[in-house]
Structures are given as C-alpha cells and as structure tokens.
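Here is the structure we will look at.
In each ligand, atom 1 is the first atom listed, and ligand 1 is the first ligand listed.
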Amino acid sequence: MSITAQSVWNNCLLFIKDNIQPQAYKTWFEPIVAVKLADNALSIQVPSKFFYEWLEEHYVKLLKVSLTKELGDTAKLVYIIKMENTYGNKQPFTEKIPSSNRSAVKSQDVDVPLNNKNRELRNPFIIPGIRNVKIESQLNPNYNFDNFLEGDSNRLARSAGLAVSAKPGGTSFNPLLIFGGVGLGKTHLAHAIGVDIKDKYPEKTVLYISAEKFTQQYIDSVKKNNRNDFIHFYQLIDVLVIDDVQFLSGKSGTQDVFFHIFNHLHQNGKQVILTSDKAPVDMQDIEQRLLSRFKWGLSAELQTPDFETRVSILKNKLYRDGVEMPEDIINYVAKNIKSNIRELEGAIISLIAQSSFNKKEVNIELAKQVVEKFVKNTKREVSIDYIQKIVSDYFQMDVDTLQSKTRKRHIVQARQLAMFFAKKLTKASLASIGSQIGKRDHATVLHACKTVDNLSATDKQFKKYVEDLTKKLTV
Ligand code: ADP
Ligand code: MG
C-alpha cells in the first residue's frame, strides 16, 4: 500500500487526538490540511501565521513524536501558511497580511514629514527625566484574564491576547486588533492584556485609552497649540491600547496623528492593541493607509458566545458574587439572551436584585419577566449598520458589495432585504435608510419594501431568506 500525505497525517492525528484535550484538538488540528509528502517531509497547510506559531510553541513535540512514529527519524514537517483572505468565512479569526509582505509594506510607507520635523525640533516633551514620570495606565484590574472565560467564540482572540502579553511587541500580532459586536468582551479583553503585561513587565509603560478620549485630547492639544507634546507623549508608551477605534471614522485629523504615533511605536517594537466593533474591511471613513496598518498584525474576532459559554459566564459571575441560583434559571437566562454578554450579566444582576428587594424566590416566572425586559431592549438596539452586516454575511458578500450600484440580481435582492429590515426594525425614515444603504433615495427604499413583501408571498426560496434573516436579526 502506498503511503500518502493524507494517510500519514491521519495516523498522526489519531495519535495527537489521544494526547490532548478534545477542545484543543478541534481548535488547532482539525483546521489543518495535509497537502504533500515528499522526501520524507510532510507538508501541512495551516490557516495563518498565528496558527503556525501557536503549533510551534505548544505542540511541536507532539507533532514530532507522531510524525517520527510514521516516517522514522528522518521525518520532517513543513508548514504551508494559507494566505487567502478569509474574511467572511466562519473562521473565528483572520490574518490578512502575511508577514512576508509586511516588511515590504513597511519600508515603502515610512512616513517622512512628521518624523523629519521632530528630528529638527528634538522634541520639547522628552525633557530629561521624563522617562521617570509615571504614566498612569488607566487599566481596570477587574478586567483580567482570570475572569475572562474561554469559549469557542473567543478562543483565538484570547490566545492571541495571551501571546501578546507574554511578549509585548515581540510577536507578529502587532497591532492586535480585537473586533466584534457590542458587549462581547472587547474592552474586557483589551484591559486583560494590559493588566497581564503590567503584571509581567512592571517597568513597561502601558496606557489604555478610548479612541474617543484620545480624539478629545488631540483636539485640546491643537487648541492649546501643543500638538507635538501630545504626539511625543504617546510615543513614549510601550504598550498602547486604544479602545473602539471605529470612533475615529471620519475624523481625519485624529487619524493622521494616530497614524504617525502608530508608525513610531511599531517601528520601535512597541505593542499596539486596538479594538473595534467592525472588521477592518468593514470600517468606513477610515483612511486606507491606516486600515492597512490595522491589518499588519492579527485581526481576531470575538463572536457571540455559544450556550455553554454563556452558562459558564453566568455561573462564574454568580460564584464571584457569592450568590446561588437554581440551575434551570441560569439555563433559562442563558438560553434567551444570546447576543450580548453585557445584557446577560445585566439580566442576572437584575434578577438577583429583584429577588432580594422583594424577598421573592427567584423562580422561572421572575426570570421570564426580567429576560423579556432585556430582550426587548436588545431589539430596540438593532442598527442599520448591523442589519447590513447580517444581511451581507448571510449572502456571503461584504457590505460594500451590498451597497454598490450593481444590478446583479442576488446583490439587488440582498440590498432590498437590508432596506426592508431597516424599515421594519428601526425607526429610521425611508430617506435616512436610503442614504445609509448605498446612498439611495426614499422611493428606492419604498420600492424595496414592496418587492420584499411581494416576493416573500410568491417565492419560496425568498420567503426562506426573510425567515432566516428575521431569526438572525431578532434573537
Ligand atoms: P465590548 O467592549 O465588546 O462592548 P465589554 O468588554 O464591555 O464588551 O464586555 C461586556 C461585559 O461582558 C463586561 O462586563 C465583561 O466583563 C463581560 N464579558 C465579556 N466577555 C466575557 C468573558 N469571556 N468572560 C466573562 N465576562 C465577559
Ligand atoms: Mg467596549
């Protein structure tokens, strides 16, 4: 029988599976594809450079043992890093710019103007001794890794965070961009990384700041005529965490200054950690050069947690608060609040409060009332952006395509569905919906709503689209 890459790898997998946790196996080994066996070297394809580094760091021995068992002492393992753009796939994270391109991008784009000026000025802010000035990190110690529970939805972002905090500035995850919807733990994870770094490297200057505050500081500095001080302050930082960078959308002055700060930090091996409510591809009104920087490192997504993770987050919260709660109540809450961890916590806190104020037993009835209140609130929060994202994801296109001028039928339908749901689920006017979905007028939106009504009455497949999307948008 001839041995193939596939058969060798299958045997390796059997061995590996026996030796590690099922979850780790699923995360790190199932995505691997065996591609070639030549000269006693097995080539395996991994989804990203991050994957490769993770395997090397944690599983290299296991890989070696298993492969030697199959191919003998001269066995070799070759990694092939898949370089496709994997956005839109169900993959929990993506790395878009392979590191081999990174240096190329970097050397091209070294930005001249500001740096030159700085050199001349030699910097009014770095007065001798400034390095001894303590910069308050603004980190919240209550947001740490210990209480950031792991689940499928956050595993890769969390692991990447741990890798960064073990070696700030020393991994290829620079910047590390954590993205995901509201209340899924971006701020928590960003703090956790900072807190962990501060713990491991007390001498490093870590700073957490929201993009909003950063913008405010910048505007103030311009008013007070000390923009350079502002820049130099930020250039002193070893680990810069900027939360909610989508806030920089449309603010070109702040983007410009951030661009220069980012370059300086990056070139000096300093770590940058960013969070955003959107993937870089979906960020609007952020300059291209900045977006391309965001993609240098790793973009890791926080997805909505599955049921088990929601239950363990709740249990952990209750445990920390010293509260006991019947299992069926916990399950009920976790089952019904799906898309937002902040609301999940809110519901359980409200439940605890209600029961202790009113001296009522926490029973399913009470849980129902509380959950209903929260679920209603969630509904009100659906935004047109969110609708466009969900609809485009559903049809596996990006938001730009959905908004484009094309007349291709499936794209037109997706756009009409987005308009229909925007009308149905938000209070926005037809005109405002039109302007947000590809700059159309109110008549187009009205027409879209009618078309969707008609089609869902006559076309089975289309009806299914509407039902699926309704489910996705109104959980
Ligand atoms: P975001 O910044 O994405 O809107 P936050 O970081 O503010 O979300 O998280 C919302 C709430 O959910 C916080 O109280 C946070 O502690 C909690 N939370 C999020 N993810 C987790 C997790 N994996 N484990 C425990 N708590 C979490
Ligand atoms: Mg946040």
Exercise for review: Show your reasoning for whether side chain to side chain contact (heavy atoms under 4.5 Å, CB included) applies to L351 and M325.
Suggested key: CA-CA 10 Å; L351 209 52; M325 178 121 5; 4.0 Å; yes
Practice item. With sequence neighbours excluded, tell me which residues meet ring-ring contact (aromatic ring centres under 6.0 Å, His included) with F258. Key: F214
Exercise for review: Evaluate the ring planes of F262 and W296, with Trp represented by its six-membered ring, and classify them as parallel (under 30°), tilted (30 to 60°) or perpendicular (over 60°).
Suggested key: tilted
Review point. Which class fits the ring pair Y143 and H191: parallel under 30°, tilted 30 to 60°, perpendicular over 60°?
Key: tilted
Practice item. In plain terms, say whether K17 and E30 are close enough for a salt bridge, that is, a side-chain N and a carboxylate O under 4.0 Å apart. Key: no
Exercise for review: Indicate whether any N or O donor in one side chain lies under 3.5 Å from an N or O acceptor in the other, for E56 and Y79.
Suggested key: yes
Point to revise | Polar contact flag, side-chain donor to acceptor under 3.5 angstrom, S221-Q217 | key: no
Check your understanding: Do Y218 and F230 have ring centres separated by under 6.0 Å?
Key -> yes
**Study point:** Under 2.8 Å from the Mg ion (ligand 2) - protein N/O/S, by chain and number
**Key:** T187 OG1
Review point. At a 4.0 angstrom heavy-atom cut-off, what protein residues surround ligand 1?
Key: Y143, N147, F148, L149, N154, G181, V182, G183, L184, G185, K186, T187, H188, I313, I341, R342, E345
Which atom pairs, one a donor and one an acceptor, fall under 3.5 Å between side chains of residues 240-251 and the rest of the protein, sequence neighbours left out?
| unit_1 | atom_1 | unit_2 | atom_2 | d |
| --- | --- | --- | --- | --- |
| D243 | OD1 | T275 | OG1 | 2.4 |
| D243 | OD2 | T187 | OG1 | 2.7 |
| D243 | OD2 | Y208 | OH | 2.5 |
| D244 | OD1 | Q246 | NE2 | 3.3 |
| Q246 | OE1 | D277 | N | 3.1 |
| S249 | OG | Q246 | O | 2.9 |
| S249 | OG | Q284 | O | 2.8 |
| K251 | NZ | F247 | O | 2.9 |

